[in-house]
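None of the values given here were measured: they were computed from a predicted structure. Letters A, B, ... mirror the listed sequences (proteins, then strands); counts begin at 1.
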Amino acid sequence: MPLLAEIIVDVPTLQTNKPFTYIVPEELEPIITVGMRVVVPFGKGSRKVQGFVVDIKPQKFPMDNGIEWKRISSLMDPLPVLTEELIKLGKDLSHKTFSFQVKMYQTMLPAVLRAKYNKKFIISDEVSEDVLWNVFKGRNEISWDEAEESGKLKQLIELNKEEKVQIEYEVTDKKTSKKVRIVRPLLSFEQYEEVIEDLPSNAKKQKLLVSFLQQLEGKTASIETFKEQSISTQNINTGVDKGWCKIEEKEVYRDPFSDTVFEPTVALDLTAEQSHAFNQINQAIQDKRSEVFLLKGITGSGKTEVYLQAIAEVLDKGLGALMLVPEIALTPQMVHRFKSRFGENVAVLHSGLSEGEKYDEWRKIEKEEAKVVVGARSSIFAPLKNIGIIIIDEEHETTYKQEEFPKYHARDVAIWRGQYHKCPVVLGSATPSLESRARATKQVYTLLELSKRANNQSLPHVRLVDMREEAKTGNHSTFSSLLKEELEKRLALNEQSVLLLNRRGYSSFVLCRDCGFVLECPNCDISQTLHMDTKTMKCHYCGHEEGIPSICPSCTSRSIRYYGTGTQKVEEELQALIPSARIIRMDVDTTRKKGAHERLFHSFEKREADILLGTQMIAKGLDFPNVTLVGVINADTSLGLPDFRSAEKTFQLLTQVSGRSGRGEKKGEVVIQSYNPEHYAIQYAKKHDYDAFYKREMHLRHLSEYSPYYFLIKLSVSHTNEMTAAKKIAEYLEFIKPVLSKQAIVLGPTPRSIARTHNRYHFQVMIKYKREVELEQRLHELLQSTQKEQAKGLYISIDYQPLDFI
DNA sequence: AGCACGCCGACT
DNA sequence: GTCGGCGTGCTC
């Protein structure tokens, strides 16, 4: 009985976002498996496209509803690249995130497995001598691109109509494996003995070769090792000719860490708190329970050691472990700790690797050669077959939500996979997101707390500097006298300092230099953004607009102006202020090159500099024992963002960066400069009081009806014509409104902050809601019913639980 | 996405 | 009269 395969084709449109049925050719029947990539003919011209096999079933009836099935052309993989789990996950996620199923599968796989399409012309009938030589250059095929370049495209299309040449579609991928050439000895020890005896005495190189082959005792060795013995490839070739050995190709993995030595480490003794957390997690591992834990541990409390020991338990049971970090390039120390503890069993996936390196790491996981995966967001799709634990470190980080389509959140995926594998999910953070903390209060998650630092060192002492006061005393520089003094003190003591330049988002807003006032929207309680194009202040939520104030509405001062600072400028100022200081600057400019992060961090670690000056990227999980001072140059920038999470983000950032101080023997200090030192986010960060901040912020979120009390959906529309875009979004809103309950709150429609990009006008609507049973379905209907308009240049996008509003 | 079918304007 | 414009609809 013939087999049928259900296939998701690589045609990202709504109409094709479902499986298509194909006949499995007889010769493929024994090898085809669900999860493989295939090449299938698709559409009128039966052009070849890539597809994913999502189901295989026997053909029960000759042809059920009059559809004539086509046959699969070929397989692209010898083994499946997607597991049944990932196929199901991709389907669920595409629905949840309003994106196409193929796109989901493509994001799950390394980029080299993405299809590459080639169009080419093939001679199928006799052609004239002129065509053969001038168009095809003597060959019997020519690629579309080549034909286009040489200007022969028209002629070829003509020939195609005459059926003299055919157009063919080729599907390939960029997959490459790195191969090394190895030498295999072919004779026995005794036989080599004889060969040596028979060699003429002047054949020195050959003698060397034969005795080396003899030493190998039948094992293979790379050509490189022969070269080390000063045996050239040519010498080996002579050996091949004489039948002493042969050259073979062997696949090797590109190892991005090949030149790093990892000293093995053993489990450390756990503190009482750590043990308690570990036992709870371990219980879930042993019971195979899909419990979600929120591990809230202050900076330096040893969360990583708890992760490591939990993973060790998982490995003991023969299962795999998945560990997510915000961005590996920024946390080389974390990778180091994992490699040191679990050695070869660790696969690392992050954006700093080349496509080939990523593919090799991915294959190690697929072949179950590595059971511990450490990586950034997309590693949540690692093809581990039996997962025993999933950990998301720094769970509050926004990098876990992908900003492009498909807009998935790694935390949601983690929980999905945790349920599938019946394993615990651990969300770790010193400053959990309000959403997660609230879920812990409602006992959806289990809260585990680490309130003491592992080295028993107390948290650093934090001092606030009121920059308004500083200005009054005539100091208009970026550095307060206290911060300058403290920096000089560290220099004298030969201790190190970390300076944070807060540039989150660097959205422009106005701030009063005398009283710290930031202009807020009267309707939305978030700061308004400066728009130089229209010379107005705008609210990104509701579209409220007003003039740029020239006098501070709060204190009538004239010092109200645009606020922002660049790293390079600060570095120059700092160097002028303390000429003897050795400074490392870390920002997008100095870290653009591959491996630059590691190099700079390493240099700082070796004490080649006194001060590490950088943006957000220096705030995360770094552990430098010699750092005793952390300075925050401008705590306010992140407060001024037009985002209801700006206080939360500021609190998190200040807490994270403060935690970099005093991790060694010596006690740490923190100096925070601010124009708003009385702001609760800054005050609670100073006191290291997460719980108080949480209570206060939850109260405010409740009052202003934001997350976690309300969910959010963002609908955006864009068009080259401003009127069309505006009209359409209003129309779509009218379509959605009837299914909304009275509880739902609609904000907008409003033009987007950068209202026009790429000559398109953008409008958006936010819907805040608690429970809307029909909303998701209605939005899918909206996408379905607007296909014609979408084809005509109207873009519609839906962002489920967006993290930003800009 | 890409290809065919189909119904209106300027041409051998 | 036709060649070809791209609007519309479908792809196992």
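Side chains of Glu435(A) and Ser707(A): a donor-acceptor N/O pair is present below 3.5 angstrom, by distance only. When only modelled atom types and interatomic distance are considered, Ser46(A) and Lys70(A) share a side-chain donor-acceptor pair under 3.5 Å.
Relative orientation of the His780(A) and His95(A) rings is parallel, given thresholds of 30° and 60° on the angle between their planes.
Taking atom CZ of Phe20(A) as the reference point, atom C1' of dC12(C) lies 6 Å away to the nearest angstrom. Straight-line distance from the CH2 atom of Trp144(A) to the C1' atom of dG2(B): 10 Å, rounded to whole Å. Regarding Asn17(A), its CG atom lies at a distance of 15 Å from the C1' atom of dC10(C), rounded to whole Å. Rounded to an integer number of Å, the gap from CD of Gln15(A) to P of dG9(C) is 10 Å. The interatomic distance linking Phe52(A) (CZ) with dC12(C) (P) rounds to 18 Å, in whole Å. Atom pair Lys44(A):NZ and dC12(C):P shows a separation of 9 Å (rounding to whole Å applied). Note: NZ (Lys119(A)) to P (dG2(B)) measures 6 Å, nearest angstrom. Atom CG in Leu14(A) sits about 15 Å away from atom P in dG9(C), given to the nearest Å.
For Phe381(A) and Tyr408(A), the gap between ring centers is short of 6.0 Å.
Taking a cutoff of 4.0 Å between a charged side-chain nitrogen and a carboxylate oxygen, Lys103(A) and Asp10(A) do not qualify as a salt bridge. For the pair Glu355(A) and Lys358(A), the salt-bridge criterion is not met [side-chain N within less than 4.0 Å of a carboxylate O].
As judged by a 4.0 angstrom heavy-atom cut-off over every strand, Glu6(A) is placed among residues making no nucleic acid contact. Residue Phe42(A) is classed as a base contact, given a heavy-atom separation below 4.0 Å to a base. No contact: Lys48(A) has no heavy atom under 4.0 Å from any strand.
Within residues 27-39 of chain A, no residue has any heavy atom closer than 4.0 Å to DNA chain B.
Distance OH/Tyr732(A) to CG/Leu794(A): 4.5 Å, rounded to 0.5 Å.
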